[in-house]
Structures are given as C-alpha cells and as structure tokens.
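Taking it in order: structure first as structure tokens, then the write-up.
Every chain is numbered from 1, with letters handed out A, B, ... down the list of sequences.
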2 protein chains.
Amino acid sequence: MATIVDVAREAEVSVATVSRVLNNSTSVLPKTREAVLEAIEKLNYKPNLLGRNLRRSQTKMILVLLPTVSNPFYSGIVKGIEDIGHKNGYNIMLCNTNSDYQREKTYLELLKNKLSDGVIFMAPELNEEELSEIGSKYPAVQCCEYKEGACVSHVSIDNYKAAYEIVSHLIELGHRRIGLIGSKSNCISSIQRHEAYKRALEDNGIQFDTDLVGYGNYSYKRALKAAKALLSRDDRPTAIFAISDIMAIGAIRAAKEARLRVPHDVAVAGFDNIDFASMYDPMITTIAQPRYEMGCVAMELLLKQIKGELDEPKSIMLDYNLIIRESTKVDTLK
Amino acid sequence: MATIVDVAREAEVSVATVSRVLNNSTSVLPKTREAVLEAIEKLNYKPNLLGRNLRRSQTKMILVLLPTVSNPFYSGIVKGIEDIGHKNGYNIMLCNTNSDYQREKTYLELLKNKLSDGVIFMAPELNEEELSEIGSKYPAVQCCEYKEGACVSHVSIDNYKAAYEIVSHLIELGHRRIGLIGSKSNCISSIQRHEAYKRALEDNGIQFDTDLVGYGNYSYKRALKAAKALLSRDDRPTAIFAISDIMAIGAIRAAKEARLRVPHDVAVAGFDNIDFASMYDPMITTIAQPRYEMGCVAMELLLKQIKGELDEPKSIMLDYNLIIRESTKVDTLK
DNA sequence: TTGTAGGCGTTATCAA
DNA sequence: TTGATAACGCCTACAA
C-alpha cells in the first residue's frame, strides 16, 4: 500500500509538498502540483487517515447514541444529522444503546479514547451529573429526549404544549372521559405529556381520574394490554390519548378486539407521526415533530461546539404540528 | 490530557511496561502492575486509540452500509451484527446510503482510508466488478441482498423458495387469480420473488398474466396505487402477493378503500415479517427471515476474513419461516 | 521482568 | 515555493 513517501519519491518532491497538494494548504507551483497528482494517480494512493487523525488529533467522526434503530421515529432525525454532518466533512457513527446504561457508557469510551469528535444523545441513560461531566469535557448535544438538569445543549419540541393541544382537540370533539396510555419511564417527554394531559383536563373542568391511566411503556403489546383493561371498564373512556403512535396502534387494536369502532365508539390519538401513523387503518391523529430539522439543528449545534464557538449550553425548542386524521374525527373518514 | 509517558513517569517505570499492563501481554511483576494501575487511576488516563490504531494499523471498526435505517426490516439484522461485533471488540458504524451509488462509494473511502477494518453490505449499489474488487482487497460480506456474480461472501435466505412457498399457500386456499405487487428494481430478492411467483402459478396450471402484476417499488404509496389499479379491474385478483410487508399494507389499504374485505374478498400476503406485520389489522401473512441470525452469521463471516481464516467467498443460506395470519386465512380471524 | 529506541503515516514548523 | 525534520501516542523488537 502506497504511502505519502512513495508518492513523494515518484513525483520527485518532498513529503511536505505532497501533503500540501493533498490539503491544498499553501501555494504549490502548478507544475509541481501536476506531478504530484500524477504520482498519486499512478500509485493509486489513498491517504491513511490513521496517520492524519493522530497528527491532527481529530477523527471527523460523530457518535450518535440512540435506544434502537428499529424505532422508525429516529430515522428522520438521523437523516438531518447525517446531511449536516456530511456537508461539513463528518461521518456519523450510529450506535444502539438498547436503553442500557452500561452500553451507553461503553460507547462513550469512543469519545474519551479520541475516536470520535463529539456525541449526540437521542435519549440519554446517563444521569444529570454524568452528562454534565461529558458536556464539560467534550462537544455534546441532546436531541429529543434530554435531562433538564444536565449542563448540555438540547434541541426538542415543547412536549407539554403539544400534548396539551392534542388532548384539547379530544375535548373539543366533546369527549369528557379521556384515557391515557402512558409510560412509567421518567424521560422528560413522558413526564411532560402526562402532566399536560392532566392539566388540559382540569383546565376544562374534567376531573383527573387515575383509573383512566394505563401504562404501555412504549411497546405495542403492553399498550394493547393496558388499553384492553381501560376499555373493558363499565365507565370506559370515549377517547384515548397514547403518548406514542405505536401505543396508539395498540389501543386501536384493543378497541377493535372489544368490537368498538374507532373513532365512533372510541377516539384514539397518538404522538410522533411515524410513517405508519398514516398507513394504519384508521389513520392516526398525532403530533408531528420536525424530525429532520431537529437532526439538522442538533448537528449544527454540535459543530459550533467543536469549533469552539459556543461558550454555554443552549436549549432550542422547535415547532410541532397537530395532524388530525381518521382516528379521532369522524368526518375525516371517507 | 495524560499520555502513556505521563503514566510511566508517575509510576516510575518505562512506557513499555505501561503498555504491557494495558494490553496485559508479557508478564509484569504484580507490584509493578499495581503501581501502573495506580498511576492510571490517579491521572485518569485513557489510551489514545488514534496512536494505537496507527501503530497496529487497525481500527476495530466495521462499516455497515444499508439503504436506510428507517426500514424496520434492518433493525434485527443490525442487532445481530452488533452483538457478534461487540463480543469480539469491534464497533459498528451504521451508514445510510439512501440507495445512492455515489454515497456508497463515499462511505467506502472509510475502508480504503483505513478507518474501518471491514464492510458489510446490506443492499450493494456497486456492480459485480466493483464489489469483487472491494472483496479482493478488504474483508467484505453481503447480507440479505447481494450480487450473484460478485466475488464476495453473502448470507441470505432462499428468496425463490420462500416466495414459491407463500404463493403456493395462496393457491392451496383456492385462489386462481393471484396478483403480484412487485418492484422494478433488479435486486436479487426482487427478481427471485417474481420468478418464483410465476413458476408457482405455472406449476399449478395457472397461466401467468402480466395484467395482474403491479409495481410498488417497496413504497407504501406506490403499492397502494398499484393495488388500486389491480383491484379496480373487472377480473380483479382474489389474492395478492406483495413482495414486502410495507407493500402488503398498501395493498390492504387499497382493498379497504375499494370496500373489499381482507381476506374474504381478497387475500394479501407480504414478505419480511416486520414488526408491523403483526400489528396491522388484519395481521399479515408473511415470510419471516431469520434477521438476527443473518446479522450474526454475516459478522462471523467478516471476522473470519479479518483473521485471514477464509480463503474463498462463501455463500450461506439460512432458513426462513412462513407465518400464516389473518390477511390470508379466514379462520385465523377471531 | 524491564527498558531503550525505532517506526506506524501524517502534518506543520522552520529554514532555505 | 519547497525541503528537512520534529512531533502526534502508541506498540514491540531487541537488549539488558
């Protein structure tokens, strides 16, 4: 495998000159440059980035930590991260943490070992303190989920406001008994969506009733089970707000199995607007997060940190969008 | 940031000794090792992998090229790759090619530039020749999709046999007019599933009819459109085989919009067994590929190549599984 | 069992 | 504009 020395020899110049044309840094005589380019071509030379990285002490690699790639919610975000990253010469390393604390720690070694120039957390498992430490030592951004107390920039939507809005939509449709399929996880989005649900009810003079709350923990199966329990009650809810689309699908399935029509007998709303939300039957009313944009903004924020242009953590809230579909509103059905 | 030299000084030994305890290579006196460990602890030393990688000329990184992480089909495979990789000290770099030839080439630079020790292609865009060249120079494996002519190992299922089996299932249910929602892409799975469809019909004395073939190109929307066209015919098919679950969902939606009941009026079968296949209503009959296992096997094959234990390309076929659900069989409905 | 020293491939400083 | 050379941090003969 040819190295820079071979190229230099072939072109009859010094390695310094070769390096210059490689990085077109200082000026090189056109003739010399030509000769070098020819030698590179002839030897089919590819710079060994291992050498360059060591010398420059950077890798142009970004670590992206997400719970699992299998969740379609993340794909749009990842695309945004990649697009901005590539535009700036960075490559992305996608890593599944499986929501496992240890695994997340293991991946962070890549950062500490200099194999990555920065990290984006999609759903951090680390606690505030640990996150803050990472943030103080390395470029880091939280995207979507975040720990409020952590001294690390984040970009997300206002989950509270969005959930409040979708629950209000159900209330406007005339529903008074509105169930919740939530999660016992203490991630920020989960907590805020719960709180907003409660508050929206109370603001409309509807008493919050713990009996109407089920837990699905973001899985289809558990949401199905939780919704079944809710719907088999004598005073069953006439509407259900599930804090994720996948759980909304579970709820709709539960309704069907209980011979209840959606939305006629029970309306169901989700959250996230994954692709399947509009492919399901009925199509699901939900909150669309600006996923691509979130990814872009997160990456831009990270790049700023890498360049040292950001002195203190920044928190950015982007706009969301309530999308009303068949699962809540009768007249949207054909 | 502390380096190995600092640790050596702190522990009053040479850098060689520090390196030895780091890699516990040759024997080190317990007392010496203790001192080194203490120094490492005290200085909070983390080896700089950039230096190590350059010296060893390896990165312990594997490039995984897939069309898009948003396709839930890939998640299981990725998990298998990761598990085996991690078990052997390798990290995975997931990269979206977007099915773009140029983008794939760009990512392969990481391999040529020594930033990755090997590559797994999930759906190669490169042609046979280019693939063979990569395969001859670097450790490489194709997983799921593959180019038959390429001189690169691959692991997959027998798409032909699987498709033949699922079409036979439809025929056994009594269907004679069976439509196909396929793809014009010339990837191997697509071609083989088409051929098997045709052959299964002919083997059962059913004439192949191009009018019953629609193209969805693996997207929900286009499958929906293609299925609508098929179902609006006077001699509409009574069953549809879609070569992917997502397209099967499109077909089911088309049926519903045409006021046809699935499976009573039209049966629909898919392929892949993505999670949503069992979450959809009706649940979808499909072929389950051993995704996790495929990922494991692919990674193991790659590791063998890295270790130089594989002299020639190997092709491995794994077992699949026909899963019969509500979308084809009436009595599976509750 | 431990230390010395050379080298992995590159970039960047300093002189020329 | 170009060249010689010293790093970058680590590993590993080879020698002691």
Separation of atom CG in A:L22 from atom P in C:dA12, rounded to whole Å:
11 Å

Side chains of A:R103 and A:T97 only: does a donor on one sit below 3.5 Å from an acceptor on the other?
no

Nearest whole angstrom, please: distance from the C1' of C:dT2 to the CD1 of B:I4.
14 Å

To the nearest angstrom, how far is B:M1 atom CE from D:dC8 atom P?
15 Å

Applying side chain to side chain contact (heavy atoms under 4.5 Å, CB included) to B:T59 and not counting sequence neighbours gives A:L50, B:N53, B:M61, B:D117

Can you name the residues that form a side chain to side chain contact (heavy atoms under 4.5 Å, CB included) with B:E41, not counting sequence neighbours?
none

Rounded to the Å, how far apart are B:L54 CG and C:dG7 C1'?
9 Å

Closest non-hydrogen atom pair, A:I81 against A:G295
CG1-O, 3.5 Å

Less than 4.0 angstrom from a charged side-chain N to a carboxylate O is my criterion; do A:E133 and A:K137 meet it?
yes

Report the distance from atom CG of B:N24 to atom P of D:dC11, rounded to the nearest whole Å.
12 Å

Closer than 4.0 Å, any side-chain N/O of B:S57 to the OP1 or OP2 of C:dC8?
no

Carboxylate-amine/guanidinium proximity below 4.0 Å for A:E109 and B:K46:
yes

Minimum-distance nucleotide (side-chain atoms of A:N23 versus C:dT11, D:dC11, C:dT4):
C:dT11

Which of parallel (below 30°), tilted (30 to 60°) and perpendicular (above 60°) describes A:H86 and B:Y107?
perpendicular

Below 4.0 Å: OP1/OP2 of D:dT2 and any side-chain N or O of A:T32
yes

Per the atom types in the model, does the base of C:dG3 pair as donor or acceptor with the side chain of B:R20 at under 3.5 Å?
yes

Side-chain donor/acceptor of A:R55 to base of C:dA12, under 3.5 Å:
no

Quick one: label A:V5 by what it contacts on the DNA or RNA (base, sugar-phosphate, nothing), any heavy atom closer than 4.0 Å.
nothing

A:S14 side chain: which of D:dC11, C:dG9, D:dA4 is closest?
D:dA4

Whole Å only: how far is the CD atom of B:Q58 from the P atom of C:dG9?
14 Å

With a 4.0 Å heavy-atom cut-off, tell me which residues in residues 37-53 of chain B come close to DNA chain C, sorted by residue number.
none

In whole angstroms, the gap separating P of C:dT2 from CG of B:L29 amounts to 5 Å

For atom CG of B:D6 and atom P of D:dC8, their distance in whole Å:
11 Å

Look at A:S19 and C:dA12 and indicate whether a side-chain polar atom (N or O) is within less than 4.0 Å of OP1 or OP2.
no

